[in-house]
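Below: the structure, in structure tokens.
The model shown is predicted, which means the values in this text are computed figures rather than measured ones.
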Amino acid sequence: MSDSTETNNVQNKNENPFINILCNVVIPSVILTKFSGPEELGQVNALIIALAFPLLYGAWDFISKRKFNWIAAIGLVSVLLTGGIGLLELDRTWMIVKETAVPLVIGLFVLASQFTKKPLIRTLFEQIFDMEKIHLAFEARGLHDDFKQKIHIAGFYFSSTFFLSAFLNYVLAAIVLKGAPGTVEFNESLGRMTALSFPVISVPTLIVTVIIIFTLVNYIKKQTQLPLEEMVKQQ
């Protein structure tokens with residue numbers, strides 16, 4: 001395989017966080033808060049166009065990576081549910097339930113995977129770290145079972161990040177969402193909620209996830225003496 005092909009493969013695997021935030025947060029928020037009035041796009045058109053950005057981005061991400069991502073799939077379902085609730089003009093309570101239910105379902109899914117042969121936390125670590133090398137290092141020191149226990153405990157902490165997200169989603173939606181679906185007021189409040197979801201929800205849950213990974217990495221380094229560059233999976 002040529003260097004250029006390898007580079008392209010790495011680029012395809014790496015997600016641009018700026019484009020992610022732009023398509024999933026910034027653009028939808030601006031459209032909903034600034035262009036929902038009858039003199040602009042109107043509430044229905046604004047909602048459809050705003051939701052089209054995360055929907056198309058998610059579809060493009062799936063097609064370009066050619067790999068199923070269950071969290072991304074749930075995200076797409078969430079976008080479709082948001083559009084359905086808005087277009088069908090259901091009560092705002094349904095939107096609050098949806099905002100709470102999506103991360104709650106993911107958290108329960110992660111928690112349930114803890115009792116399978118391959119927990120999702122392990123799948124996450126396999127994307128980043130050379131688990132085979134790490135396992136061999138622990139086995140050489142007679143600590144294989146200890147490492148399995150640490151991974152297991154980390155999985156419970158990882159599932160808790162989604163429960164935290166569900167709680168924060170509920171609080172944010174209950175406070176920010178105003179008006180009835182199908183109205184300009186509702187669209188504008190939905191835009192504000194989308195904009196606030198990044199600093200209020202995504203950042204705290206990301207911080208907790210990083211702490212979980214950082215703690216486990218420090219444990220691995222301490223027990224195996226492996227430097228970080230040897231732990232990370234080589235492309």
Side-chain angles (χ1 to χ4, degrees), residues 1 3 5-18 20-21 24 61-62 64-75 102-169 197-235:
M1 182 182 292
D3 291 342
T5 303
E6 290 179 355
T7 301
N8 288 335
N9 287 339
V10 172
Q11 288 175 342
N12 286 337
K13 292 179 182 179
N14 294 331
E15 186 175 21
N16 188 315
F18 175 76
N20 188 332
I21 295 173
N24 289 295
D61 185 62
F62 171 72
S64 63
K65 292 182 178 178
R66 300 175 183 268
K67 185 177 181 181
F68 181 78
N69 184 322
W70 63 273
I71 294 182
I74 293 176
V102 170
L104 182 62
V105 168
I106 297 176
L108 291 173
F109 191 63
V110 174
L111 184 61
S113 77
Q114 286 291 103
F115 305 97
T116 65
K117 291 183 178 180
K118 194 166 184 179
L120 286 170
I121 185 68
R122 182 181 177 85
T123 303
L124 172 65
F125 272 84
E126 285 177 348
Q127 302 300 314
I128 306 171
F129 301 104
D130 189 336
M131 296 299 287
E132 183 177 355
K133 182 182 291 186
I134 293 172
H135 274 298
L136 289 173
F138 272 99
E139 284 180 355
R141 290 163 175 78
L143 298 171
H144 182 258
D145 289 340
D146 289 351
F147 179 57
K148 285 179 63 177
Q149 185 180 17
K150 282 288 184 180
I151 287 284
H152 193 64
I153 294 172
F156 287 108
Y157 284 126
F158 183 53
S159 65
S160 72
T161 65
F162 294 99
F163 298 136
L164 172 63
S165 177
F167 172 73
L168 294 174
N169 268 5
S197 66
F198 183 74
V200 174
I201 299 169
S202 299
V203 171
T205 52
L206 178 62
I207 290 173
V208 175
T209 302
V210 169
I211 291 173
I212 293 170
I213 295 174
F214 182 76
T215 302
L216 192 54
V217 167
N218 273 348
Y219 167 77
I220 295 170
K221 288 171 66 177
K222 181 180 178 180
Q223 297 297 328
T224 67
Q225 304 302 314
L226 284 173
L228 182 60
E229 56 269 18
E230 290 187 23
M231 292 165 49
V232 175
K233 180 182 289 186
Q234 302 299 314
Q235 297 290 346

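- By the neighbour-count criterion of 12 heavy atoms within 6.0 Å, atom CD of Gln149 is sparsely surrounded, having that number or fewer from other residues, nucleotides or ligands.
- The environment of Tyr157 atom OH is sparse: at most 12 non-hydrogen atoms of other residues, nucleotides or ligands sit within 6.0 angstrom.
- Atom-to-atom distance recorded for Ile211:CD1 and Leu206:CG is 10.0 Å, nearest 0.5 angstrom.
- The minimum heavy-atom distance linking Thr205 with Ser165 is given by the pair CG2-CB, 3.7 Å.
- The aromatic rings of Phe115 and His152 lie perpendicular to each other, with more than 60° between the two planes, well past the 30° mark.
- Note that OG1 of Thr209 is 15.0 Å distant from CZ of Phe214, once rounded to the nearest 0.5 Å.
- Residues Gln114 and Pro119 share a closest heavy-atom pair of OE1-CB, 3.5 Å.
- Put simply, CD1 on Ile207 and CG on Leu164 are 10.5 Å apart, with the number rounded to the nearest 0.5 Å.
- In this structure, Ile220 and Phe138 have side chains that are in contact, with non-hydrogen atoms separated by less than 4.5 Å.
- Between Phe129 and Val217 the shortest side-chain heavy-atom distance falls below 4.5 Å.
- Here the side chain of Arg122 pairs no donor or acceptor atom with the backbone of Ile151 at under 3.5 angstrom.
- Between atom CG of residue Leu104 and atom CZ of residue Phe162 there is a gap of 11.5 Å, rounded to the nearest 0.5 Å.
- Pairing each heavy atom of Ala166 with each of Pro103, the nearest pair is CA-CG, 3.5 Å.
- The two atoms that bring Ile212 and Phe158 nearest to each other are CD1-N, 3.6 Å, heavy atoms only.
- For CD of Glu132, the number of neighbouring non-hydrogen atoms (other residues, nucleotides, ligands) closer than 6.0 Å is 12 at most.
- In this structure the side chain of Tyr219 never reaches within 4.5 angstrom of the side chain of Thr215, judged on heavy atoms.
- Interatomic distance, NZ of Lys221 versus CD1 of Ile134, reported as 12.0 Å (0.5 Å rounding).
- Taking both residues in full, the closest heavy atoms of Leu120 and Ser113 are given as N-OG, 3.1 Å, listed atom of the first, atom of the second, then distance.
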